[in-house]
Amino acid sequence: MKTQASPEPLAARAEALPRPEEGKPVPYLWRAYVRPTAGRLALGAASAALAGIAALLIPQVLRRVIDDLGSHPSVSVLLVGVGLMTLLGLIEGAMYLARRQFTIKPAVAIERAMREDLYARLQRLPAGFHDAWSSGQLLSRSMSDLSLVRRYLAFGGVMTVSSAILIAVGLVMMYLLDWRFFLLYAVIVVPMALASFAFRTRFNRASRRVMDLQGDLATTVEESVQGIRVLKAFGRADFTARQLVQQLAGLRKAELYKASTLGWFIGLITAVPALTMAAALIGGIVLVARDQMTPGTLVAYFATAAVLTNPLQDMGQLIGMFVSTKAALQRHIEIMGVERDIRSPESPARPASEGRLELHDVGFRYPDAKPDSEPLLTGVSLSLRPGETMALVGETGSGKSTLLNLIPRLYEAGEGRVLVDGADVRELDTDDLRTRIAVAFEDATLFSDTVENNVLLGVRDQDPQARRAALEEALEVAQAHFVERLPEGAQTQIGEEGLSLSGGQRQRLALARVVAAKPRIMLLDDPLSALDVSTEERVIEGLGRVLADTTTLIVAHRPSTVALADRVALLEDGTVTAVGPHHELLESNEHYRHVIASLDSQDTLEDVLDDDACRDAEQHGREGR
Ligand SMILES: Nc1ncnc2c1ncn2[C@@H]1O[C@H](COP(=O)(O)OP(=O)(O)OP(=O)(O)O)[C@@H](O)[C@H]1O
Ligand SMILES: [Mg+2]
């Protein structure tokens, strides 16, 4: 929210990305991100290969110099040789630099694009997705996994290509020096290539496990930091500490397994060439003594082998890196590939914005509910006239918040129809639907940003004057006078990185956010619970004034809130059993009396049943309209 003034283009781009096919991370990376910068990356690989080839030419010069000096020693041969070797060294250095120049930029750009796309996708996923995925997993996927991808693109991939070229060229040069020695060397490369193949799958599984465990760890740490007060208050700081220790032990085991898998591989890759070289040295000395090989050739062979040692060993690391990156990419794709089960239709309906809200026989169960259990909501029918305020009342856990979530399609109603302005919400463009509706959720979530940006979240008008007016009005209606007393007023940073606000203060800002968005339909999930009764009355009065023709569905936990609504709907056993003005329901409905009486211990039963108070309130509601 801080960085993205208008997220639409970003979201649209994320939508347009190719669909990752199951289990094919590399082609996906190529099609979605790498192809546009492939030229630069290829140049990077070419530079790296050139650097390697320059290094491989040095032994050739060395051979000539040694052999020439052996037959007819002269200063000029020495000078030319040294000069050539210096030049080759310089070329190697320059190419090394060029490789970095070519690859860093595209790699960083790709990492950034992937992060943005991931974020945009996360914003568009159905709310049900976030129930199933922990925030730590998402965090580790968007941060560490993607930097792994960047490192591979900037370094690993390019080095793999250039090392492969280097090894091939080196082998040709060895063949030209002496075919027997070439054979000896080739015998090492083959088993190592085979070893790396067998090694891939094992290492893949090990690194995938380490990453998953890291994600879980991030979740635990995040939760214990966020919930530190609760844990302290209950004296249970040691509880998460113990959980953390257990997770760390698991992670350690997985890391050790991964490291030992890698250790075996590196051991093999180092020991086998060393033994082969020892054999070659003995054979070479015999051949030179019998005059079947020049000393220069022997030196050049070993110099070439020395140049190849690093790329060969790197190959092992690079394979490890490739496998980890592939696992990281797989995890990334798992999120990018989640189907949006809530989509906008191709040709959406565009009914006039009146603020009509109807529910017909709506039924719903959470995707993770027990399959044989009763649905949470069944046959819920409601009809709100434009401008009407309806309170939704029910026992705790009866599904009030869930019902509200169905209206802006945060969850999809399983049965029945939700109509906004006469159109089924499934026929409306989701963005359009969510501009008609504004929701104040139960937990007043604020972002780490200024008060102003938090309140104006739903305001699309960019004109500074209009924004200031909207802000002032919204704060006034929400009775958020405390903002004036904050250190920097509406510019004060709040949220996790800023000033902490009280629960009631946060609630009022969340309410102000809804007011500022000027919706036609307002869904309020118990937004006034932290206010005292007289402030609550002022808020409702302000809402009635500013959003006079806004339709409001308000979940109420207090008799005072209920009394201010035009009508009340009673949610009972998963369905709406009664709708009517507060005092009528009080008289006629036993369950309603029971719920109202149990709603709030602050308001005594006498207050609730005080007929005069009820009638006053109702009068007030009518005048307000
Ligand atoms: N994301 C979810 N996934 C699965 N089940 C859920 C989810 N959210 C809520 N539930 C379950 O659905 C039921 C209704 O929850 P809901 O939050 O709608 O109740 P509520 O009427 O708003 O309660 P309260 O008055 O306490 O706010 C609860 O039993 C709850 O366990
Ligand atoms: Mg609720």
Side-chain angles (χ1 to χ4, degrees), residues 122-123 125-138 219 223 230 338 340-342 357 359 362-382 390-416 418 437-445 503-504 506-507 510-511 514 522-531 536 552-562 565 568-579 585 591-603 608:
L122 286 179
Q123 300 290 308
L125 289 171
F129 171 86
H130 295 280
D131 294 343
W133 289 74
S134 68
S135 55
Q137 283 287 356
L138 294 179
T219 309
E223 277 182 5
V230 180
V338 171
R340 272 183 67 191
D341 52 3
I342 296 181
L357 174 63
L359 281 77
V362 167
F364 179 78
R365 65 159 72 233
Y366 279 103
D368 54 357
K370 265 193 270 163
D372 53 344
S373 62
E374 290 281 305
L376 181 60
L377 298 171
T378 38
V380 174
S381 295
L382 276 180
M390 184 181 278
L392 188 61
V393 168
E395 288 182 319
T396 177
S398 56
K400 302 180 295 293
S401 302
T402 308
L403 185 64
L404 290 200
N405 279 331
L406 298 181
I407 299 167
R409 263 184 110 193
L410 294 176
Y411 289 92
E412 192 93 87
E415 283 162 31
V418 178
I437 298 173
V439 197
F441 292 101
E442 228 165 354
D443 52 341
T445 304
R506 295 191 347 194
Q507 240 184 6
L511 186 66
V514 174
M522 188 160 60
L523 306 174
L524 306 176
D525 201 345
D526 198 25
L528 311 173
S529 63
L531 304 183
E536 178 184 10
T552 307
L553 185 57
I554 178 169
V555 172
H557 275 119
R558 294 207 309 199
S560 49
T561 320
V562 175
V568 187
L570 175 65
L571 196 59
E572 184 185 354
D573 297 330
T575 194
V576 172
T577 51
V579 182
L585 291 187
H591 184 68
Y592 187 70
R593 273 199 297 277
H594 168 73
V595 172
I596 288 290
S598 63
L599 276 183
D600 200 316
S601 51
Q602 280 170 0
D603 298 1
V608 176

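Just so we're clear, the structure is a prediction, and the values are computed from it rather than from any experiment. First listed ligand is number 1; within each ligand, the first listed atom is number 1.
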Donor-acceptor check, side chain of Thr575 to backbone of Thr378, threshold 3.5 angstrom: yes or no?
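Looks like yes, one N/O pair under 3.5 Å.
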Under the 3.5 angstrom rule, does the side chain of Lys400 hit a backbone N or O of Gly394 as a donor-acceptor pair?
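Yes, the answer is positive, given that a donor and an acceptor are paired below the 3.5 Å cut-off.
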By salt bridge (charged side-chain N to carboxylate O under 4.0 Å, His left out) - contacts of Glu536 (at least two apart)
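Checked Glu536 against salt bridge (charged side-chain N to carboxylate O under 4.0 Å, His left out); matches are Arg558.
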With atoms numbered from 1 as shown, which atoms in ligand 1 lie under 4.0 angstrom from a non-hydrogen atom of [X]?
| X | result |
| --- | --- |
| His557 | 25 (O) |
| Tyr411 | 1 (N) |
| Leu376 | 12 (O), 13 (C), 14 (C) |
| Ser401 | 17 (O), 18 (O), 20 (P), 22 (O), 27 (O) |
| Thr402 | 14 (C), 15 (O), 16 (P), 18 (O) |

Mark the output for Gly399 as yes if a heavy-atom distance to ligand 1 is under 4.0 Å, and as no if none is.
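For ligand 1, residue contact (heavy atoms, under 4.0 Å) with Gly399 is present.
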Does even one non-hydrogen atom of Phe364 get within less than 4.0 Å of ligand 1?
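No heavy atom of Phe364 comes that close to ligand 1.
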Please determine if the Mg ion (ligand 2) has an N/O/S atom from Thr396 lying under 2.8 Å away.
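Given the 2.8 Å cut-off, Thr396 does not count as a ligand of the Mg ion (ligand 2).
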Once you restrict to heavy atoms under 4.0 Å, what part of Leu571 touches ligand 1? Side chain, backbone, both or neither.
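None of Leu571 does.
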For a 4.5 angstrom cut-off between non-hydrogen side-chain atoms, does [X] reach [Y]?
| X | Y | answer |
| --- | --- | --- |
| Leu403 | Phe364 | no |
| Leu406 | Tyr411 | yes |
| Asp526 | Ser401 | no |

When the side chains of residues 370-377 are checked against the rest of the protein, which donor-acceptor pairs come out under 3.5 Å, sequence neighbours left out?
unit_1, atom_1, unit_2, atom_2, d
Ser373, OG, Arg365, NH1, 3.3
Ser373, OG, Lys370, O, 2.6

